[in-house]
Amino acid sequence: MSGDDGRFSLADLVAVNTQARAALGKAPERFGTAKFIGMIGDEIDGLRSAGRSWAEIADLLEQATGEKMEVETLREHHEGAGESFGK
């Protein structure tokens with residue numbers, strides 16, 4: 001079998017996870033703030049490198065998830081994961 005062929009998107013992964021959990025009678029998977037921010041660390045780094053402010057990133061996260069994201073919470077968890085932006 002060859003290496004990664006790029007056939008599946010993150011949306012595919014989420015769809016399968018959601019459907020499999022439902023088939024098992026389980027609730028959708030949820031993540032705490034620290035883990036969630038850690039999982040999107042590369043994207044946060046990219047946005048910071050592109051010149052986006054912490055407030056803009058917090059707003060983007062809030063728009064995408066519907067969950068309030070305070071700038072200080074975002075920075076604390078992102079920088080606490082070993083990132084150096086904004087220090």
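Quick note: residue numbers are just sequence positions, from 1.
- In this structure the side chain of Leu47 never reaches within 4.5 angstrom of the side chain of Glu56, judged on heavy atoms.
- Between Met69 and Thr33 the shortest side-chain heavy-atom distance falls below 4.5 Å.
- Separating the NZ atom in Lys35 from the CD1 atom in Ile40 is a distance of 13.5 Å, to the nearest 0.5 Å.
- Between the CD atom in Glu43 and the CG atom in Leu60 there is a gap of 10.5 Å [rounded to 0.5 Å].
- Distance alone, capped at 3.5 Å, places no donor-acceptor pair between the Arg21 side chain and the Gly25 backbone.
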Determine whether Asp45 and His78 satisfy the following criterion, side-chain contact (heavy atoms from CB on, under 4.5 Å), listing intermediate values before the conclusion. CA-CA 9 Å; Asp45 289 342; His78 186 63; 2.8 Å; yes
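- Counting heavy atoms from C-beta on, the side chains of Leu74 and Glu70 never come closer than 4.5 Å.
- With contacts defined as side-chain heavy-atom distances shorter than 4.5 Å, the pair Thr65/Phe36 qualifies.
- Under a hydrophobic-cluster definition in which Ile, Leu, Val, Met, Phe, Trp and Tyr are linked whenever side-chain heavy atoms come within less than 4.5 Å, directly or via other members, Phe31 and Leu13 are assigned to different clusters.
- Looking at heavy atoms from C-beta onward, Ile44 lies in side-chain contact with Trp54 at the 4.5 angstrom threshold.
- Cluster annotation: Val16 is not connected to Phe8 through the hydrophobic network of ILVMFWY side chains, with a link wherever side-chain heavy atoms come within less than 4.5 Å.
- Summarising the geometry, atom CD1 belonging to Ile37 is positioned 10.5 Å from atom CD belonging to Glu79; distances are rounded to the nearest 0.5 Å.
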